[in-house]
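Have a look at the structure below, then the notes.
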Amino acid sequence: MNRPSMHKPWHHGRPAGLAVGALLLSSAVYLPAKAQLLASNREPQTLAVASSPVMEMVPLKSLLKQWEDDYHVTIFYESAVVGDKRVPVQTGAATLEARMNTVLSQADLGFKKLRDDYFLVTESAKPQAETRAARKTAAATVPVSGRVTQAGGEGLPGVTVLVRGTTIGTNTDATGHFTIDVPEGGVLVFSNVGYARREIPITGPTSDLAVALQEDKQALNEVVVVGYGTQERQSVTGAVASVSGRDIAAQPVADPAQAI
């Protein structure tokens with residue numbers, strides 16, 4: 001009786017061993033390719049995260065204080081101008097002026113260099129330009145000319161014509177005519193001894209403004225003291241000044257006449 005050969009399983013298993021080696025070899029070739037594919041899919045995500053850094057924001061007042069310490073300078077500012085503004089932190093070497101230009105502009109602010117070690121934080125150039133334009137508009141004047149008359153229609157000379165709230169003024173000539181430049185929206189005040197004061201708003205250029213002053217009867221009947229006695233106000237041809245009793249009492253003289 002022939003006994004089965006003990007080497008048969010080895011011969012039968014050799015092709016199986018070759019198949020396993022081929023499978024391992026193919027897996028080794030396949031795995032790097034798969035890893036490369038996965039890496040290529042992940043790279044855009046990594047780049048996207050790197051290109052969007054989070055910007056750290058700090059209070060501007062704290063940053064100004066830090067600049068003072070770092071650069072050994074003094075930075076002035078109005079609390080209302082800086083307020084609670086927050087600005088991004090910058091890194092890297094730079095001069096103070098370069099930092100202030102970059103950071104303050106992001107907060108709609110600017111600065112002036114008063115001295116090498118003194119700086120002033122200001123509002124941005126745009127608001128300043130708008131403010132200057134507004135002031136220029138407010139300061140615009142219009143020409144106004146006309147004539148001041150009395151009850152009978154005759155021209156009234158020597159009338160004081162004054163822009164209310166200012167020192168801009170003039171007087172009427174011998175025929176009652178006047179010419180003056182008035183800020184737009186201003187009010188002209190006409191006054192003369194013995195006449196009731198009159199105010200006229202000015203809304204634009206005017207070349208024929210007619211102003212009639214009415215006599216003030218009460219003012220004409222007032223008795224005034226002159227250097228040579230007393231007269232009624234309507235009879236006085238020169239300038240009249242009023243002096244109160246308090247002013248007279250305050251004078252260091254014995255005779256009230258001397259105080260006048």
Side-chain angles (χ1 to χ4, degrees), residues 78 80 122-123 125-260:
E78 292 185 17
T122 63
E123 295 181 338
K126 182 177 180 181
Q128 289 177 354
E130 292 175 351
T131 300
R132 288 194 296 267
R135 289 176 179 174
K136 184 178 179 181
T137 302
T141 59
V142 294
V144 176
S145 59
R147 185 169 183 249
V148 180
T149 59
Q150 46 190 326
E154 299 87 355
L156 191 59
V159 176
T160 299
V161 183
L162 187 68
V163 178
R164 189 175 66 187
T166 72
T167 58
I168 304 173
T170 186
N171 294 312
T172 58
D173 61 17
T175 60
H177 288 89
F178 70 93
T179 299
I180 189 173
D181 291 330
V182 182
E184 285 187 290
V187 177
L188 281 181
V189 180
F190 299 84
S191 60
N192 196 25
V193 176
Y195 291 85
R197 191 171 95 161
R198 184 172 178 185
E199 297 185 359
I200 298 180
I202 302 300
T203 58
T206 306
S207 59
D208 56 353
L209 183 64
V211 182
L213 296 185
Q214 301 296 324
E215 292 184 353
D216 187 347
K217 299 296 184 180
Q218 182 178 355
L220 290 175
N221 293 328
E222 288 181 357
V223 175
V224 297
V225 178
V226 295
Y228 44 86
T230 61
Q231 287 187 347
E232 289 188 353
R233 183 181 292 272
Q234 60 182 337
S235 303
V236 179
T237 57
V240 176
S242 298
V243 181
S244 66
R246 180 181 302 175
D247 294 333
I248 294 176
Q251 298 298 318
V253 294
D255 188 354
Q258 294 178 1
I260 296 175

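Values in this document were obtained by computation on a predicted structure and should not be read as measured data.
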### Summary
Sequence neighbours excluded, the answer for side chain to side chain contact (heavy atoms under 4.5 Å, CB included) partners of P205 is V142, P143
### Message
Tell me every residue that passes side chain to side chain contact (heavy atoms under 4.5 Å, CB included) with A196, counting only those two or more places apart in sequence or in another chain.
### Response
none
### Task
Mind checking the CD1-OG spacing from I180 to S145? Nearest 0.5 Å is all I need.
11.0 Å
### Task
Kindly compute the distance separating CG (L162) from CG (L188), expressed to the nearest 0.5 Å.
8.5 Å
### Message
Test of understanding: with side-chain hydrogen bond (donor to acceptor under 3.5 Å, both in side chains), list the residues that count as partners of T175, not counting sequence neighbours.
### Response
D173, H177
### Task
Apply side-chain hydrogen bond (donor to acceptor under 3.5 Å, both in side chains) to E199 and list each qualifying residue two or more places apart in sequence or on a separate chain.
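If we apply the side-chain hydrogen bond (donor to acceptor under 3.5 Å, both in side chains) test to E199, skipping adjacent residues, the hits are R164, R197.
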Distance-only donor-acceptor pairs under 3.5 Å for side chains of residues 165-172, two or more places apart:
{"unit_1": "T166", "atom_1": "OG1", "unit_2": "V163", "atom_2": "O", "d": "2.8"}
{"unit_1": "T166", "atom_1": "OG1", "unit_2": "I168", "atom_2": "N", "d": "3.1"}
{"unit_1": "T172", "atom_1": "OG1", "unit_2": "L156", "atom_2": "O", "d": "2.8"}
{"unit_1": "T172", "atom_1": "OG1", "unit_2": "G158", "atom_2": "N", "d": "3.0"}
{"unit_1": "T172", "atom_1": "OG1", "unit_2": "V159", "atom_2": "N", "d": "2.9"}

### Task
Would you check, one step at a time, whether the test side chain to side chain contact (heavy atoms under 4.5 Å, CB included) holds for D216 with Y195?
CA-CA 5 Å; D216 187 347; Y195 291 85; 5.7 Å; no
### Task
Could you name each residue pair satisfying salt bridge (Lys or Arg N to Asp or Glu O under 4.0 Å) that touches residues 200-210, not counting sequence neighbours?
none
